[in-house]
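Read the structure below first, then the notes.
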Amino acid sequence: QVRLVESGGGLVQPGGSLRLSCAASGSIYSIDVMGWYRQAPGKQRELVATITTGGNTNYADSVKGRFTVSRDNAKNTVYLQMSSLKPEDTAVYYCNVAAINWRLGSLKHYDYWGQGTQVTVSS
């Protein structure tokens, strides 16, 4: 019953900004890393940014200095503030949550994924 709900995607002109959010709901024992991936048509899915529970972040070189990932642990929500957007940022953005959860009476590692939200940067 774990669900990741993404929001904030849309159409924006080059140089503009968007803020994505992803809220995890349902039964999760513990959340570790949260992050964002993206996939453009005809391209491989790539990591955009990650953030640990303690706030340590990691960014793809292509977005460093332009994107900021943050999280609200109390709300199980991760955000991606995207600024100075470029056409090459156009992609479907997927929220990812690395978590520990129960399965058959044991704690296991899981990756949960959002449904994806389209970000289009175009003039």
Side-chain angles (χ1 to χ4, degrees):
Q1 66 269 36
V2 175
R3 184 185 181 194
L4 306 184
V5 179
E6 300 179 33
S7 62
L11 174 65
V12 65
Q13 294 187 359
S17 299
L18 285 173
R19 183 177 176 86
L20 307 182
S21 64
C22 173
S25 63
S27 297
I28 303 176
Y29 182 80
S30 180
I31 294 177
D32 188 11
V33 177
M34 306 180 78
W36 296 90
Y37 291 73
R38 68 186 182 186
Q39 187 168 21
K43 297 182 180 179
Q44 186 178 9
R45 184 179 64 183
E46 64 177 354
L47 186 146
V48 177
T50 61
I51 182 168
T52 67
T53 302
N56 187 47
T57 59
N58 184 45
Y59 297 93
D61 289 340
S62 60
V63 307
K64 286 182 179 177
R66 301 187 299 116
F67 290 11
T68 301
V69 63
S70 61
R71 64 190 287 170
D72 186 333
N73 291 330
K75 297 180 179 179
N76 287 342
T77 300
V78 62
Y79 307 91
L80 186 67
Q81 177 66 51
M82 304 183 293
S83 300
S84 301
L85 283 162
K86 304 175 180 179
E88 51 263 44
D89 295 318
T90 296
V92 176
Y93 284 70
Y94 296 92
C95 174
N96 172 260
V97 173
I100 298 174
N101 215 350
W102 292 98
R103 188 175 76 90
L104 301 178
S106 299
L107 291 170
K108 305 292 184 182
H109 288 92
Y110 290 91
D111 277 336
Y112 298 106
W113 292 89
Q115 80 282 1
T117 184
Q118 177 71 47
V119 172
T120 302
V121 184
S122 177
S123 60

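Using a 30° and 60° split on the angle between ring planes, Tyr29 and Trp102 fall in the perpendicular class, above 60°.
Arg3 CZ: 12 or fewer foreign heavy atoms inside a 6.0 Å radius.
A side-chain donor from one of Ser7 and Ser21 sits under 3.5 Å from a side-chain acceptor of the other. For the 3.5 Å distance criterion, the side chains of Thr120 and Gln118 qualify, holding a donor opposite an acceptor. Between the side chains of Gln1 and Ser27, a donor-acceptor pair is found at a separation under 3.5 Å. With no hydrogens or angles considered, no side-chain donor-acceptor pair links Arg103 and Asn101 at under 3.5 Å.
By the rule that hydrophobic residues join a cluster once side-chain heavy atoms approach within less than 4.5 Å of another member, Leu4 and Tyr110 end up as members of one cluster. In terms of hydrophobic clustering, with Ile, Leu, Val, Met, Phe, Trp and Tyr side chains grouped at heavy-atom distances under 4.5 Å, Tyr79 and Met82 are assigned to different clusters. At a threshold of 4.5 Å between side-chain heavy atoms, the hydrophobic network of Ile, Leu, Val, Met, Phe, Trp and Tyr places Ile31 and Tyr37 in two separate groups. Phe67 and Val92 end up in different hydrophobic clusters when Ile, Leu, Val, Met, Phe, Trp and Tyr side chains are linked at under 4.5 Å.
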Does the pair Ile51 and Asn56 meet the rule for a side chain to side chain contact (heavy atoms under 4.5 Å, CB included), with working shown? CA-CA 5 Å; Ile51 182 168; Asn56 187 47; over 6 Å; no
Passes side chain to side chain contact (heavy atoms under 4.5 Å, CB included), Tyr112 versus Met34? Steps please. CA-CA 9 Å; Tyr112 298 106; Met34 306 180 78; over 6 Å; no
Please determine whether side chain to side chain contact (heavy atoms under 4.5 Å, CB included) holds for the pair Asn58 and Leu47, giving the CA-CA distance in whole Å, both sets of side-chain angles, and the decisive distance to 0.1 Å. CA-CA 9 Å; Asn58 184 45; Leu47 186 146; 4.3 Å; yes
Check the pair Val63, Arg38 against side chain to side chain contact (heavy atoms under 4.5 Å, CB included), reporting the backbone distance first and the verdict last. CA-CA 12 Å; Val63 307; Arg38 68 186 182 186; 3.9 Å; yes
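Arg45 forms no cation-pi arrangement with Tyr94, by the criterion of a distance under 6.0 Å to the ring centre and an angle within 45° of the ring axis.
Closest approach of Ile28 and Ala99 over heavy atoms only: CG2-CB, 3.7 Å. Taking each heavy atom of Ser62 and Arg66 in turn, the nearest pair found is O-NH2, 2.8 Å. Residues Ala91 and Ala40 come closest through the heavy atom pair CB-N, 3.8 Å.
Salt bridge annotation for Lys86-Asp89: absent, with no cationic side-chain nitrogen under 4.0 angstrom from a carboxylate oxygen.
Between Asp111 and Asn96, the closest side-chain pair of non-hydrogen atoms falls below 4.5 Å. Considering only heavy atoms from C-beta on, Val97 stays 4.5 Å or farther from Asp32 through its side chain. Looking only at side-chain heavy atoms (C-beta outward), Thr57 and Thr50 stay at 4.5 Å or farther from each other. Annotation: side chain of Pro87 is in contact with side chain of Pro14 (closest heavy-atom distance under 4.5 Å). Side-chain contact between Arg19 and Ser17 is absent, with no heavy-atom pair separated by less than 4.5 Å.
Between the Asn73 side chain and the Thr53 main chain, a donor and an acceptor come within less than 3.5 Å of each other. Side chain of Thr90 to main chain of Val121: a donor-acceptor pair is present (N/O by atom type, distance under 3.5 Å, no hydrogens or angles). At least one donor-acceptor pair closer than 3.5 Å links the side chain of Tyr59 to the backbone N or O of Val69. Glu6 contributes a side-chain N or O that, together with a main-chain N or O of Cys95, makes up a donor-acceptor pair within less than 3.5 Å.
A distance of 10.5 Å separates OG1 of Thr117 from OH of Tyr93, quoted to the nearest 0.5 Å. In this structure, CG in Leu11 is found 9.5 Å from OG in Ser123, a value given to the nearest 0.5 Å.
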